[in-house]
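Scroll down for the structure; my scribbles are underneath it.
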Amino acid sequence: MRLTRYFLPTLKETPTEAQIVSHRLMLRAGMIRQSSAGIYSWLPLGFNVLKKIEAIVREEQNAAGAQEMLMPTIQPADLWRESGRYDDYGKEMLRITDRHERDMLYGPTNEEQITEIFRAHVRSYKDLPKLLYHIQWKFRDEVRPRFGVMRGREFLMKDAYSFDLDYEGAKRSYNRMFVSYLRTYARMGLRAIPMAAETGPIGGDLSHEFIILAETGESQVYCHKSYLDYDALAEEIDYEGDLQPIVDHWTAQYAAADEKHDPANCPVAKDDLVEARGIEVGHIFYFGDKYSKPMGAEVTTADDTAVPFEMGSYGIGVSRLVGAIIEASHDDDGIIWPDAVAPFTVGLLNLRVSDDACTAACDDLYDKLRAAGVDVLYDDRDEGAGAKFADMDLIGLPWQLVVGPRGVKAGTVELKRRASGEREELSAEAALAQVIG
Ligand code: ATP
Ligand code: MG
């Protein structure tokens with residue numbers, strides 16, 4: 001992509017309305033534009049990252065045996081009256097009346113909707129287990145939308161739902177999601193720690209929030225320091241095998257958010273306890289027959305009795321992750337994208353477009369990179385070198401390939417790794433080999 005054709009409205013000034021670094025950087029890098037409080041348009045650079053994150057989430061959901069579907073954003077209120085949540089949900093739910101005076105709502109989540117689908121189509125234990133998910137926009141009329149996409153009112157969520165015959169089955173489904181979450185965040189360069197969470201009236205131990213540590217996190221969290229060395233990608237996962245040992249490994253040590261933490265009874269020695277701020281990037285939850293029972297969603301067992309489905313739900317904050325990754329990976333100059341979610345792999349900087357030799361060298365590199373299938377953003381604007389360096393650092397692409405008239409004469413280009421700041425003068429061929437390799 002040539003920058004002269006790309007829509008990238010970067011800002012030089014720091015927007016004063018943004019309180020945290022990820023919000024500031026997303027605005028400055030031209031990734032989003034606020035429409036109203038907590039509601040954003042995603043501009044090309046931001047949308048590109050959102051899609052990369054979504055793709056990783058999708059791959060790991062599919063690998064874990066979940067099937068993708070798509071449910072609507074607008075739901076009928078009657079479904080929520082059946083579960084009892086229409087009144088309980090309160091002001092966070094956006095309620096709508098259609099032209100026939102029917103009560104509708106913009107879905108904050110989809111438990112009722114998926115339960116209705118299963119109630120209509122699944123009758124026998126032979127059809128279970130099933131694990132379905134969708135990646136769809138949600139609306140929650142948060143009291144205090146803030147921190148940009150981190151706490152929006154409209155936001156993109158992956159929500160999965162499991163249906164099983166009994167508790168044992170539900171636990172297996174839960175474990176699948178638990179393990180796939182570990183992999184999902186690790187692939188984005190994040191260290192997410194599963195922390196015991198409130199399970200509400202159902203009780204049990206099957207609810208975990210996946211939290212990444214960051215100074216600007218909204219919750220106070222506590223965990224054993226050993227979690228800082230855990231590696232979620234160390235082993236191959238067989239989702240058909242027994243996942244309990246992996247879940248046990250990741251839950252053996254203490255990790256809890258504020259609501260669950262009791263300083264008087266914390267089992268971890270002070271020196272081994274990490275106290276930090278955390279961002280919740282996912283939440284998984286077993287809730288049994290909480291929705292299936294009131295909604296009359298039943299399945300017949302082998303001995304022909306009807307029982308309500310055992311269910312769980314599993315959320316990932318896809319749009320929140322864009323901000324969360326920036327909170328975890330930036331410096332004073334801008335964003336530092338982990339390779340896996342970077343909007344482009346390389347930024348190619350032409351330091352003097354008026355110099356024919358320089359532009360010819362850049363055009364050649366641009367064609368070769370594209371031919372090799374590398375995503376490249378080519379800064380071909382007629383701007384000073386300083387502005388180009390600043391913008392490239394701000395948008396945080398993993399590699400910068402810098403071409404100037406002096407280097408072209410000497411037969412060299414400069415290759416910079418954004419994360420480490422390391423620079424190297426080398427031939428164009430050698431630079432290409434590194435980036436493509
Ligand atoms: P929180 O405690 O942050 O309000 P929640 O417990 O209400 O979140 P869930 O219902 O568990 O959230 O939703 C699943 C995931 O969706 C969360 O882990 C989070 O990553 C994301 N999420 C929830 N609310 C928002 C929001 N207002 N803006 C962006 N992402 C959100
Ligand atoms: Mg939660």
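One-based numbering, in listed order, for ligands and for the atoms of each. The first residue in the sequence is number 1, and the count goes up from there.
Aromatic rings from Phe178 and Phe210 are positioned such that their centres are separated by under 6.0 Å. Aromatic ring centroids of Phe163 and Phe309 lie under 6.0 Å apart.
No more than 12 heavy-atom neighbours from other residues, nucleotides or ligands sit within 6.0 angstrom of CG on Asp332.
Only the side chain of Arg140 comes within 4.0 Å of ligand 1, counting heavy atoms alone; its backbone N, CA, C and O stay farther away.
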Candidate pair Tyr286 and Tyr174, rule ring pair (Phe, Tyr, Trp, His ring centres under 6.0 Å), full reasoning: CA-CA 7 Å; Tyr286 159 75; Tyr174 186 91; 7.7 Å; no
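Distance alone, capped at 3.5 Å, places no donor-acceptor pair between the Lys260 side chain and the Asp258 backbone.
Close N/O approach between Ser319 and ligand 1 is not found [any backbone or side-chain N/O within under 3.5 Å]. Of the polar atoms of Phe155, none of the N or O atoms is found under 3.5 Å from an N or O of ligand 1, judged by distance alone. Considering backbone and side-chain N/O atoms, Arg320 comes within less than 3.5 Å of an N/O atom of ligand 1.
Comparing Met150, His283, Glu280, Arg151 against atom 17 (C) of ligand 1, the shortest heavy-atom distance belongs to Glu280.
Under a 4.0 Å criterion applied to the non-hydrogen atoms of Val149, ligand 1 contributes the atoms 29 (C). Close approach to Val281 involves these atoms of ligand 1, each under 4.0 Å from a residue heavy atom: 18 (O), 20 (O). The contact set between ligand 1 and Glu142, taken as ligand atoms under 4.0 Å from a residue heavy atom, comprises 24 (N), 26 (C), 27 (N).
Of the residues Asp159, Thr109, Thr73, the one that meets the side chain to side chain donor-acceptor pair (under 3.5 Å) test with Lys138 is Asp159.
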